[in-house]
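The figures here come from the full heavy-atom set of this structure, side chains too, leaving out hydrogens, waters and symmetry mates. Here the structure is a predicted model, which is why all the values come from computation and not from measurement. Atoms within a ligand are numbered from 1 in the order they appear, just like the ligands themselves.
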Amino acid sequence: MKIDRSVALVTGANRGLGRAYARELVSRGAAKVYGAARDPAAVTEPGVIPIALDITDPERVAQVAAQCTDVSLLVNNAGVLKYSTFTGAPNLDAARLEMETNYFGTLSMCRAFAPVLAANGGGAIVNMLSVTSFYTNPFDASYGASKAAAWSMTNGVRLELHHQGTLVVAVHASFIDTDMAALTNAPKDKPESVARQVFDAVEAGQIEVLADERTRTVKAELSRDHELIYPPVQEFWDAAVRGAP
Ligand SMILES: NC(=O)c1ccc[n+]([C@@H]2O[C@H](COP(=O)([O-])OP(=O)(O)OC[C@H]3O[C@@H](n4cnc5c(N)ncnc54)[C@H](OP(=O)(O)O)[C@@H]3O)[C@@H](O)[C@H]2O)c1
């Protein structure tokens, strides 16, 4: 689909990658860009129309879908990362919040907007996933589980909406230079670079974006994950548990 003259809605458009998505859509000539955020006053990108939306609130999701009936491109960007292990976290609060937001929130948006997209000719859904959809790392274990669930859901939504001509794009990325990745000194992609790749893919009709080298390598190694992916993760985690410098 063409971004030019499309009508887009981006969740979590107030900061980080969501803001970069909204800016890129405006610069590519989208007719209208709705910037959804829990605090709409924080959506300050020029040319973006603020919309109040918490994606974990099903009633509000339904209201926004009823209000924004002209949307042809839905960008499910909003997400949360609590850096929580499976067995060491004090309780399930972080795991539940990540699943509620990254999986159920994104699923609610897909469900609410599927008929809107159908009415507007099919359009596209972009789901912001992660390299951690592909493998588990104890540093962000429950986040990875929520992104793996969202990856599975994205593949299913693509199958289910094929008949109505909706392109469903899965975006996987390693670290991106936003608040979410502020804790790490690992190499980070620029949000603008991810946004450009994603909308190039939408315009080219591609169903998957592997945004960086690390992500491309992990996806390529999936069939041998226990030989290639997990041993270095295990080594790193064991060293961290031992308190190695
Ligand atoms: N940064 C990375 O390294 C990285 C890598 C791979 C994938 N991702 C994914 O990229 C997406 C964007 O993350 P980011 O890096 O831009 O992180 P960020 O700077 O922490 O921004 C997260 C955004 O999601 C919003 N959000 C969180 N929960 C929400 C909810 N219940 N309803 C509506 N909005 C909600 C936040 O709104 P508030 O301002 O109200 O909190 C904020 O706008 C996420 O899905 C993330 O998992 C990030």
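Residue pairs meeting the side-chain hydrogen bond (donor to acceptor under 3.5 Å, both in side chains) criterion with at least one partner in residues 46-68, sequence neighbours excluded, are D54-T56, R60-Q63.
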Only pairs under 3.5 Å count here: list side-chain donor-acceptor contacts from residues 104-117, not counting sequence neighbours, and write none if there are none.
unit_1: T106; atom_1: OG1; unit_2: N102; atom_2: O; d: 2.9
unit_1: S108; atom_1: OG; unit_2: F104; atom_2: O; d: 3.1

For residues 7-17, which side-chain N or O atoms pair as donor and acceptor with protein atoms under 3.5 Å away, sequence neighbours left out?
unit_1: T11; atom_1: OG1; unit_2: N77; atom_2: N; d: 2.9
unit_1: T11; atom_1: OG1; unit_2: A78; atom_2: N; d: 2.9
unit_1: R15; atom_1: NH1; unit_2: D179; atom_2: OD2; d: 2.8

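Hydrophobic clustering places V71 together with V157 (ILVMFWY residues linked when any side-chain heavy atoms are closer than 4.5 Å, directly or through intermediates). A continuous path of ILVMFWY side-chain contacts below 4.5 Å connects L183 to L81, so both sit in one hydrophobic cluster.
Applying side-chain contact (heavy atoms from CB on, under 4.5 Å) to V33 and the options V26, L73, V75, I49 leaves one that passes, V26.
Each of G12, N14, R15, G16, L17, R38, L53, D54, I55, T56, N77, A78, G79, T101, M128, L129, Y143, K147, A173, S174, F175, I176, T178, D179, M180, A181 has a non-hydrogen atom positioned under 4.0 Å from some atom of ligand 1.
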